[in-house]
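The structure displayed is predicted, hence computed values, not measured ones. A, B, ... follow the sequence lines: proteins, then strands. Residue 1 opens every chain.
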Amino acid sequence: MATEKLSVRLYNTLSGMKEGFRPLREDRVGMYVCGPTVYGEAHLGHARSAITFDIVYRVLKYAGYNVRYVRNFTDVGHLLNDADEGDDKVEKKALAENKEPQEVAQYYEAKYLWAVDSLNCLRPNLMPIASGHIMEQIDIVKALLDKGLAYESEGSVYFDVEKYNNTIKKYGVLSHRTLEDTKDNSRELAGQQEKHNPFDFALWKKAPKEHIMKWQSPWSLGFPGWHLECTAMGKKYLGEEFDIHGGGMDLLFPHHDCEIAQSVGAFGKMPAKYWLHNNMITIEGRKMGKSYNNFITITEMFSGTHHLLQKAYSPMTIRFFMLMAHYRSTLDFSNEALIASEKGFARLMEAKKKISSLPESKETSFPLKKIMEDAIDAVLDDFNTPICIANLFELCKHINSVADKKATISKEDKEYLEQNFNALCKDVLGLKEDNSGTDTKVVEGLMNLILEVRKSAREQKDYATSDKIRDALKEVGIEIKDSKEGAEWRLM
RNA sequence: GGUCUCUUGACCGAGUGGCUAGGUGCCGGUCUGCAAAACCGUUUACUCCGGUUCGAAUCCGGAAGAGACCUCCA
């Protein structure tokens with residue numbers, strides 16, 4: 001009993017075009033996303049990637065697909081400098097902090113998960129770690145050696161890019177660059193004499209003596225090359241060929257092109273049908289990155305402790321901020337933009353709350369279905385969250401008008417509105433109300449008392465007292481709003 | 001140097017040939033003891049120069065500026 005699926009369009013980096021999504025298999029969609037290297041705190045860039053593919057996951061589920069979502073943790077094998085220094089990032093951190101590499105990795109894994117959980121990203125079905133898949137990686141190296149697409153040199157094994165390019169498939173199909181381009185521009189790095197060509201990449205590296213993380217292999221005591229883990233884990237959990245492979249744009253070349261070369265070389269198949277890449281976060285027009293030393297961690301966003309931040313921003317503000325831009329555009333950071341998102345998000349949530357208590361009429365006086373359908377369609381069209389949100393704001397305007405009795409809505413339409421508005425906000429966009437802390441009950445009790453005192457002061461026209469209360473509360477960050485129905489408050 | 005992308009109003013940010021994007025801000029209004037909030041309304045656009053077209057922010061050519069990848073990175 002195949003259920004009806006909504007049609008999804010997505011931009012495939014491989015073809016450079018927007019395509020209709022046709023899954024490889026009827027029963028399940030496979031999606032692999034390159035996760036973080038766990039040697040440092042999660043930053044805004046990690047947040048963007050996590051949120052982007054969380055939306056992809058949610059939209060596919062909303063469209064009726066059964067999805068297996070895999071996102072790895074890289075806890076080994078990324079070299080800090082170039083190939084032969086043997087300086088692993090996780091390991092370096094471990095030495096600096098006087099810890100086991102695994103201790104470092106697990107610490108930052110937990111931090112990362114906490115951060116993306118806070119941002120209301122659904123957890124992937126599987127979160128494999130690279131160090132847990134050494135055997136699988138060794139098997140791929142063996143397969144490539146058997147096919148003559150790799151060569152051993154001084155205990156390390158390298159992928160023969162030129163041979164692959166000339167006999168199997170063009171190298172660089174994803175980034176749309178030719179081997180000639182790459183040849184002309186590969187930097188001459190120290191210690192590359194082991195390689196036949198500078199653009200060959202390591203499948204297995206012999207570990208220097210002082211290296212802590214190393215495993216036995218047929219070639220040396222060493223560690224796997226840094227493109228190999230995704231190939232190994234993708235194959236293990238999703239098969240030799242799966243539907244979607246995602247990651248940040250910075251991974252497009254060489255990482256993803258190398259993955260393709262390894263997979264095609266070893267298994268004769270393109271690993272994924274659709275390749276999705278989210279764009280970068282910029283800070284004052286420059287890419288944010290660990291190596292640029294201009295990154296803001298997610299924890300700093302929540303606490304407002306980074307020097308570029310004027311205040312703390314809630315997880316949902318950050319999520320909403322990212323959803324206001326399309327995932328394939330760069331997104332420039334600024335306090336102004338974040339504050340705008342914070343206010344806009346509050347407005348959206350206010351309107352959402354009002355829906356259930358709207359007065360019902362015979363007729364609906366605004367084009368509800370058209371706007372809602374546009375909102376739904378936007379998200380199915382290459383995950384266009386900004387257009388979806390624009391339509392939701394359009395609905396907000398009408399919701400407010402109905403609440404003000406300047407427009408009307410029928411009972412059936414109200415149900416349709418509530419159901420779909422909630423589904424889009426909650427299920428598809430993953431937006432929920434921020435509630436701050438567990439002390440809300442106590443605060444609420446206190447606030448009710450204070451507001452009651454102030455109310456009686458106002459009734460006796462003792463405005464000196466009522467204003468004093470209002471001003472004092474403002475001092476501690478609580479804002480009072482007076483209305484006909486009474487006073488309300490909110491944390492600023 | 002090679003490959004590629006981008007340039008939209010005060011700010012952020014959609015939009016690929018004709019139809020209001022949207023949010024925030026500003027201004028005006030409603031409401032209010034005052035204020036804030038809320039709500040309603042309004043305002044400022046498509047880097048420049050050519051071309052194609054009945055018609056271009058949108059297509060083509062050129063210029064200027066910015067950025068990304070080529071080296072670890074989401």
Side-chain angles (χ1 to χ4, degrees), chain A residues 16 33-37 39-40 42-53 74 78-83 87-89 172 175-178 180-187 189 199 226 246-255 277-282 285-292 295 320-321 324-326 328-348 350-351 354 374 378 384-394 396-397 399-401 403-404 406 458 461 463 466-467 470-471 474 479-484 487-490 492:
Chain A
V33 175
C34 293
T37 304
Y39 69 101
H43 55 67
L44 276 178
H46 292 119
R48 188 169 200 200
S49 179
I51 290 169
T52 296
F53 293 101
T74 296
H78 280 204
L79 299 170
L80 193 62
N81 289 309
D82 66 78
D87 222 0
D88 186 289
K89 284 186 285 197
S175 58
H176 306 109
R177 62 184 81 187
T178 65
E180 281 65 41
D181 296 338
T182 311
K183 259 184 194 167
D184 293 344
N185 300 299
S186 277
R187 235 175 32 167
L189 296 173
F199 43 76
W226 61 278
M249 230 163 223
D250 47 349
L251 298 177
L252 208 159
F253 188 88
H255 184 57
H277 293 94
N278 65 276
N279 216 319
M280 303 290 104
I281 297 271
T282 58
R286 270 215 103 71
K287 181 184 149 183
M288 189 184 83
K290 285 171 186 166
S291 51
Y292 292 80
F295 64 90
F320 191 71
F321 170 66
M324 294 268 284
H326 191 253
R328 284 193 285 116
S329 303
T330 55
L331 175 58
D332 196 51
F333 164 89
S334 71
N335 280 285
E336 225 179 340
L338 275 161
I339 289 165
S341 291
E342 186 173 54
K343 290 186 180 171
F345 178 63
R347 182 155 176 257
L348 188 71
E350 282 303 310
K354 278 187 205 167
D374 284 351
N384 203 323
T385 52
I387 290 195
C388 177
I389 290 169
N391 281 295
L392 290 179
F393 274 119
E394 198 59 36
C396 285
K397 200 165 68 180
I399 290 165
N400 287 324
S401 295
D404 283 357
K406 285 172 187 152
R458 294 181 75 215
K461 302 218 185 292
Y463 295 123
S466 80
D467 287 356
R470 186 172 62 194
D471 294 344
K474 200 166 187 174
E479 186 173 56
I480 301 294
K481 300 183 269 187
D482 289 320
S483 73
K484 249 183 259 174
E488 285 176 41
W489 63 275
R490 73 174 184 99
M492 289 191 292

So, does the side chain of D467(A) form a donor-acceptor pair with the base of G33(B) at under 3.5 Å? yes
Using the P atoms only, state how far U43(B) lies from U3(B), rounded to an integer number of Å. 46 Å
Side-chain donor/acceptor contact of R347(A) with base of C39(B) under 3.5 Å: no
Does G61(B) have a Watson-Crick or wobble mate here (both distances under 3.5 Å), and if so which one? C49(B)
Could you work out the separation of G41(B) and G50(B) based on their C1' atoms and round it to a whole Å? 41 Å
Just to be sure I understand the rule, does L392(A) reach a base, reach only the sugar-phosphate, or reach nothing, if contact means heavy atoms closer than 4.0 Å? nothing
From the candidates C73(B), G33(B), A14(B), the one with an atom nearest any side-chain atom of Y463(A) is G33(B)
Touch class at under 4.0 angstrom, heavy-atom based, for L251(A) against every strand present: sugar-phosphate
Applying the Watson-Crick and G-U wobble criteria at under 3.5 Å, what pairs with U30(B)? Answer none if nothing qualifies. A38(B)
E336(A), nearest nucleotide to its side chain (from G2(B), C11(B), A14(B)): C11(B)
Test for a donor-acceptor pair under 3.5 Å between the base of G67(B) and the side chain of R286(A), counting only N and O atoms. no
If the plane angle is over 60° it's perpendicular, under 30° parallel, otherwise tilted; pick one for F345(A) and F320(A). tilted
Those residues at least two apart in sequence (or on a different chain) that pass side chain to side chain donor-acceptor pair (under 3.5 Å) with N384(A) are none
The side chain of P386(A) is closest to which nucleotide in this list: A21(B), G2(B), C11(B)? A21(B)
Please state how far atom CG in L338(A) lies from atom P in G13(B), giving the value in whole angstrom units. 11 Å
Atom C1', compared across C26(B) and G62(B): separation rounded to whole Å: 38 Å
Selected nucleotide, minimal atom distance to R470(A) side chain, candidates C34(B), C39(B), G13(B): C34(B)
What is the nucleic acid contact for A390(A), judged by heavy atoms within less than 4.0 Å: base, sugar-phosphate only, or nothing? base
Atom of G285(A), atom of D332(A) and distance for their closest heavy-atom approach: N-OD1, 3.0 Å
If we take the C1' atom in both C11(B) and A45(B), what is their distance in whole Å? 13 Å
Compare the ring of F393(A) with the six-membered ring in the base of G23(B) and state whether they stack (centres under 5.5 Å, planes under 30°). no
Stepwise salt bridge (Lys or Arg N to Asp or Glu O under 4.0 Å) check, E350(A) with R347(A): CA-CA 5 Å; E350(A) 282 303 310; R347(A) 182 155 176 257; over 6 Å; no
Does anything in residues 339-346 of chain A reach RNA chain B, meaning a heavy atom under 4.0 Å, and if so which residues? A340(A), K343(A), G344(A)
Quick check: do H326(A) and N279(A) have side-chain heavy atoms less than 4.5 Å from each other? no
Distance check, C1' atoms only: C27(B) and U42(B), in whole angstrom units. 8 Å
Rounding to an integer number of angstrom, what distance separates U71(B) and U53(B) when you compare their P atoms? 45 Å
Which value, in whole Å, describes the distance between the P atoms of nucleotides U44(B) and A21(B)? 11 Å
Side chain of D250(A) only, please: which of A14(B), A38(B), C73(B) is the nearest? C73(B)
Hey, which of these two, G247(A) or N384(A), hits RNA chain B nearer its 5' end, going by closest nucleotide? N384(A)
Taking G67(B) as the reference, what is the distance to U8(B) when you measure between their P atoms (whole Å, please)? 14 Å
U20(B) pairs with, by Watson-Crick or G-U criteria that keep both distances under 3.5 Å: none
Is the H43(A) ring parallel, tilted or perpendicular to the F295(A) ring (thresholds 30°, 60°)? tilted
Could you tell me which nucleotide pairs with C69(B) by Watson-Crick or G-U wobble geometry, both distances under 3.5 Å, or answer none if nothing does? G2(B)
hbond_proxy K287(A) side chain to C73(B) base (donor-acceptor, 3.5 Å cutoff): yes
